[in-house]
Protein chains: 2
Amino acid sequence: MDEIPARNGEAAPQKGTVTQRAIEQIKAMIGEGRLEPGQRLPTERDLAARLGISRSSMREAIRALTVMGVLEARHGSGIYVTQLEAGDLLETFGVVADLSRGPRLVELLEVRRILESTATALAAARITPDQLAEVEKHLTAMNATDDPEEILAHDLAFHREIAAAAGNDTMAAILEGLSSRTFRARVWRGYQEEGAFARTRREHAAIHRALVAHDPEAARAAAAAHVGEVEQWLRAQLDAPPL
Amino acid sequence: MDEIPARNGEAAPQKGTVTQRAIEQIKAMIGEGRLEPGQRLPTERDLAARLGISRSSMREAIRALTVMGVLEARHGSGIYVTQLEAGDLLETFGVVADLSRGPRLVELLEVRRILESTATALAAARITPDQLAEVEKHLTAMNATDDPEEILAHDLAFHREIAAAAGNDTMAAILEGLSSRTFRARVWRGYQEEGAFARTRREHAAIHRALVAHDPEAARAAAAAHVGEVEQWLRAQLDAPPL
DNA sequence: CGACCGTAGTGGTCCGACCAACCTGCTGGT
DNA sequence: ACCAGCAGGTTGGTCGGACCACTACGGTCG
């Protein structure tokens, strides 16, 4: 059964909750360019008065947009529109990785394998000497220590530099979310216990060689294999133990 | 100079804002499995009392988690943990597409090309007769009308069915965000004005043929070309006109 | 001229009240 | 015995105002 369409209204204020409406309105203002990136908004009190709602509701709307990475509130200073760059808008993406379990972890790694391999291929073609030096820095640092914490940190940085060299900020931001610290810490805890350190180092070395040679196909293959290893291990883990 | 440590305190959780702390705590509860998907939480008033904060602050925390797709508030009933599926957690992903402009639109299409081509390849290998029938439904419906709105709707559904058939919910959810209605409406407005209807139909037909033949490589190529066409058109648009 | 400090302005937190939607259970008729 | 319909209680949604914590600006003093 269809709902009664009813309202043809103009102002038609009666939709959703008040807070939801405020969210949409501010989002629309930014979408229409009435609010530029970095610009400061009126005070909470002003905004609330303008949209005819209470400050509490306005604060919830602001909180929502803050979580989305659209706004940024600075205590004592004011509310500002973010730069609206990929990194800002995709900051929340990490919670997916944090809260996922079981089969979905494999799905995440599958997506990461696809994007990471492509990003590494792009990086092989475009990477500059400076960027390559940065990659090498983390590669050697990772091989020089036995502290799992430090290894993990350099591992993350290694892939982050490569993603940055690929030249697609959006892709880099998504990969960042797919590799959130807590996510990798959880998966790698078990993975590394099986003496996967050596293999990881070998794979990183292969990726590095492909970057130096500016060989996209080799880079794609090496990155895909690297992520694929973890993916397969995790897949096996899910089949075997009930946990 | 170090701060005076002072507190040897017990609870002493003096970090970040009160609301931020509440967000982390609830997220942690879910992460640790103390809150199951679908489960109902205590009332706002209870939660606030338990964490020793005001209801206002607790509401902001709940609002934040609602935006992240972790919680769901039902008026008059209570607050519930969502199913924590990819679709829930990635709902906000669409705002990236909505608020992006200029070069970032190209980046988004590049990511979509990579994922969509892979998803279509996977679908070619796995799609069932039922799913294929659904895809065909939208294909024929899209060819049977001239209403841009309807074409767009069936176009979205066409790709959505294919993504679903690929069997990776996470990938499907990301693609959903990359193809948000407002995003495509904006880009396609100009694209279709150049008589791209015929080309779009041809490309969709090619994708469909590959699915029927269960030919992953052909499917990958067809999908990549399909998205790539729009990508190249958009790239040209950005170079030429100042707008 | 520069470091210091006070003050106005702004976001952050709290409280208490009331409104609106939902759910339960009782009521009353069939 | 069954079910429609109506209260009442529970719970999220909104409101207004008060106060706290931090920042930024400008004047003051050394």
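Note on naming: letters A, B, ... go to the chains in the order of the sequence lines (proteins, then strands), and numbering restarts at 1 for each one.
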When all nucleic acid strands are considered with a 4.0 Å heavy-atom cut-off, which category describes B:Ile53: base, sugar-phosphate, or nothing?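 The answer is sugar-phosphate, as B:Ile53 gets under 4.0 Å only of primed atoms, P, OP1 or OP2.
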
For A:Ile62, which contact category applies under a 4.0 Å heavy-atom criterion: base, sugar-phosphate, or nothing?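 Counting heavy atoms under 4.0 Å across all strands, no contact is made by A:Ile62.
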
So, does [X] get its side chain near the phosphate of [N], meaning an N or O under 4.0 Å from OP1 or OP2?
{"X": "A:Ser54", "N": "D:dC15", "result": "yes"}
{"X": "B:Arg59", "N": "D:dG12", "result": "no"}
{"X": "B:Thr19", "N": "C:dT13", "result": "yes"}
{"X": "A:Arg40", "N": "C:dT10", "result": "yes"}
{"X": "B:Arg55", "N": "D:dG13", "result": "no"}
{"X": "A:Ser77", "N": "C:dG11", "result": "no"}

Whole angstrom value for the distance that separates [atom2] of [N] from [atom1] of [X]:
{"X": "A:His75", "N": "C:dT13", "atom1": "NE2", "atom2": "P", "answer": "8 Å"}
{"X": "B:Arg63", "N": "D:dG12", "atom1": "CZ", "atom2": "P", "answer": "13 Å"}
{"X": "A:Arg21", "N": "D:dG13", "atom1": "CZ", "atom2": "C1'", "answer": "12 Å"}
{"X": "B:Leu41", "N": "D:dT11", "atom1": "CG", "atom2": "P", "answer": "13 Å"}
{"X": "A:Tyr80", "N": "C:dG11", "atom1": "OH", "atom2": "C1'", "answer": "11 Å"}
{"X": "B:Leu71", "N": "D:dT11", "atom1": "CG", "atom2": "P", "answer": "17 Å"}
{"X": "B:Glu44", "N": "C:dA21", "atom1": "CD", "atom2": "C1'", "answer": "13 Å"}
{"X": "B:Gln20", "N": "C:dG11", "atom1": "CD", "atom2": "C1'", "answer": "14 Å"}

Side chain of A:Ser57: nearest nucleotide among C:dA21, C:dG11, D:dT14?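 Among the listed nucleotides, the one closest to the side chain of A:Ser57 is D:dT14.
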
Relative orientation of the end axes in the helix from C:dC1-D:dG30 to C:dT30-D:dA1, expressed as an angle to the nearest 10° (five pairs per end):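 It works out to 10° between the end axes.
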
Step by step, would you call A:Met29 with A:Glu24 a side chain to side chain contact (heavy atoms under 4.5 Å, CB included)? CA-CA 9 Å; A:Met29 285 190 224; A:Glu24 298 300 334; over 6 Å; no

Checking only heavy atoms, does the side chain of A:Arg45 share a donor-acceptor pair with the base of C:dG11 at less than 3.5 Å?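 Under the 3.5 Å cut-off, the side chain and the base do form a donor-acceptor pair.
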
For a quick check, tell me whether the side chain of B:Ser56 and the base of C:dC15 share a donor-acceptor pair closer than 3.5 Å.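 Checked by distance alone, the answer is yes.
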
Stepwise side chain to side chain contact (heavy atoms under 4.5 Å, CB included) test for A:Lys137 and A:Glu134: CA-CA 5 Å; A:Lys137 198 184 80 181; A:Glu134 200 66 22; 3.0 Å; yes

Residue pair [X] / [Y], side-chain donor-acceptor N/O under 3.5 Å:
{"X": "A:Glu161", "Y": "A:His138", "result": "no"}
{"X": "B:Glu60", "Y": "B:Ser57", "result": "no"}
{"X": "B:Gln131", "Y": "B:Thr128", "result": "yes"}

CG/B:Asp147: more than 12 non-hydrogen atoms of other groups inside 6.0 Å: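 Correct, the count exceeds 12.
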
Using heavy atoms to find the nearest nucleotide of DNA chain D for A:Glu60 and A:Arg74 separately, return the residue whose nucleotide is more 5′.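 Taking each residue's closest nucleotide, the earlier one in sequence belongs to A:Glu60.
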
Applying side chain to side chain contact (heavy atoms under 4.5 Å, CB included), run through B:Asp155 and B:Arg184 and close with a yes or a no. CA-CA 10 Å; B:Asp155 184 13; B:Arg184 300 196 70 166; 3.0 Å; yes

Using side chain to side chain contact (heavy atoms under 4.5 Å, CB included), reason through A:Glu231 and A:Arg112 one step at a time and then give a plain yes or no. CA-CA 10 Å; A:Glu231 186 185 337; A:Arg112 178 168 171 238; over 6 Å; no

